There are 2 protein chains.
Amino acid sequence: MTAPIAPLTQIMREYADPSACPVRNVLDHLGDKWSVLIITALAHRPYRFGELRREIADISQRMLTQTLRDLQADGLIEREVFPTTPPSVEYRLSPMGKSFVVPLSAMVDWAFEHFPAIKEARAEFAKAA
Amino acid sequence: MTAPIAPLTQIMREYADPSACPVRNVLDHLGDKWSVLIITALAHRPYRFGELRREIADISQRMLTQTLRDLQADGLIEREVFPTTPPSVEYRLSPMGKSFVVPLSAMVDWAFEHFPAIKEARAEFAKAA
DNA sequence: CATGGTGGTTCCCTCGAGGTAACCAGTGGC
DNA sequence: GCCACTGGTTACCTCGAGGGAACCACCATG
């Protein structure tokens with residue numbers, strides 16, 4: 001199982017400026033506290049703002065708005081306003097967002113599968129120290 | 001392409017405490033500034049401390065030490081000290097670390113592939129605002 | 001008239017990730 | 001004697017992500 005990632009040296013050389021490196025640029029954005037959770041929710045069906053707020057119980061309204069805006073700016077989600085009273089807003093994954101679910105779910109599966117081993121490793125490491 | 005991720009509702013309900021949720025627990029750790037970069041480097045071959053420091057040009061010695069310790073605590077990398085003078089230290093991926101390279105490289109590939117589209121989406125979003 | 005539910009925005013504050021720099025022991029080279 | 005390289009540790013500081021609460025307009029309900 002040789003690593004299929006391009007050599008780091010090459011990547012680092014090509015994208016000396018971290019903000020220009022695709023990996024660091026994209027993954028840093030998605031590595032925040034809420035993006036993955038929101039995308040996971042939207043992977044199942046479109047959600048309205050309030051629904052998401054209730055679903056992700058411990059997110060603040062401020063961060064929900066902000067993270068949704070960032071994901072929308074990156075083109076991962078689409079926002080649609082319905083002129084009802086009161087106006088309701090629906091968020092859904094864009095095609096690109098849906099394509100992101102594939103590698104994301106691979107990571108999620110990995111996390112579930114190896115979580116016990118990681119917990120054990122942490123306990124052993126703490127014991128050794 | 002239906003999302004193969006378990007329903008968020010179910011996950012959130014099962015792991016009400018965020019620190020007990022495998023996904024948030026594991027991915028938050030790996031979502032820091034340097035873990036992915038270090039794992040990417042080690043995916044190709046073992047590295048010595050100083051080698052890593054030079055390879056990842058813009059990491060501080062402090063964060064390199066700390067991130068390596070965290071990855072070691074999670075059981076993703078192994079540390080071996082050689083009793084040379086001066087003592088040298090080699091870091092390599094553990095079997096679990098190697099298994100993580102699979103989903104990680106899927107994400108890296110996705111990032112490379114969609115980076116142009118993301119940049120375009122950002123530009124368009126900024127223009128619209 | 002007041003309250004609650006739409007989907008936000010704005011201000012203020014905290015806390016911790018991460019950067020910088022100095023220092024350590026031991027040894028080899030000039 | 002002085003410097004450099006090995007792989008660190010420690011103290012100090014900054015800056016921004018994120019939390020909390022208040023506020024907004026609009027409408028329906030009681």
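Chain letters run A, B, ... following the sequence lines, proteins first and then strands; every chain starts at 1. Hydrogens, waters and symmetry mates are skipped; everything else that's a heavy atom, side chains included, is used. Computed from a predicted structure; not experimentally measured.
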(message) Looking at B:E51 and B:R45, is any side-chain nitrogen of the basic one under 4.0 Å from a carboxylate oxygen of the acidic one?
(response) yes
(message) Check this for me, if you would: do B:R79 and B:E90 make a salt bridge, where the nitrogen-to-carboxylate-oxygen distance has to be below 4.0 angstrom?
(response) no
From C-beta outward on [X], which listed nucleotide comes closest to its side chain: [options]?
| X | options | answer |
| --- | --- | --- |
| B:R62 | C:dG8, D:dT10, C:dT10 | D:dT10 |
| B:S88 | C:dG7, D:dT9, D:dG7 | D:dG7 |
| A:P86 | C:dG8, C:dG18, C:dG5 | C:dG5 |
| A:F49 | C:dG8, D:dG19, D:dG8 | C:dG8 |

Please report, rounded to the nearest Å, how far the [atom2] atom of [N] is from the [atom1] atom of [X].
| X | N | atom1 | atom2 | answer |
| --- | --- | --- | --- | --- |
| A:Q61 | D:dA21 | CD | P | 13 Å |
| A:E90 | C:dT6 | CD | C1' | 15 Å |
| A:D28 | C:dA17 | CG | C1' | 13 Å |
| B:M63 | C:dT20 | CE | P | 12 Å |
| A:D70 | C:dG8 | CG | P | 14 Å |
| B:L64 | D:dG7 | CG | P | 10 Å |
| A:K33 | C:dC15 | NZ | P | 13 Å |
| A:F82 | C:dG8 | CZ | P | 13 Å |

(request) Between B:Q66 and A:G31, name the one whose nearest nucleotide on DNA chain D is closer to the 5' end. (result) B:Q66
Counting just side-chain N and O atoms, does [X] come under 4.0 Å of either OP1 or OP2 of [N]?
| X | N | value |
| --- | --- | --- |
| A:T85 | D:dC27 | no |
| A:R54 | C:dT6 | yes |
| B:R79 | D:dG8 | yes |
| B:R48 | D:dG7 | yes |

(request) Decide whether A:T67 and A:D70 meet the rule of one side-chain donor and one side-chain acceptor closer than 3.5 Å. (result) no
(message) Regarding A:H29 and A:D74, do their side chains bring together a donor and an acceptor under 3.5 Å, going by distance alone?
(response) yes
(message) Mind checking if B:Y91 touches a base, just sugar-phosphate, or nothing, with heavy atoms under 4.0 Å?
(response) sugar-phosphate
(message) On the six-membered ring of B:F49, is B:R53 placed so that its NZ or CZ lies under 6.0 angstrom from the centre and within 45° of the ring axis?
(response) no
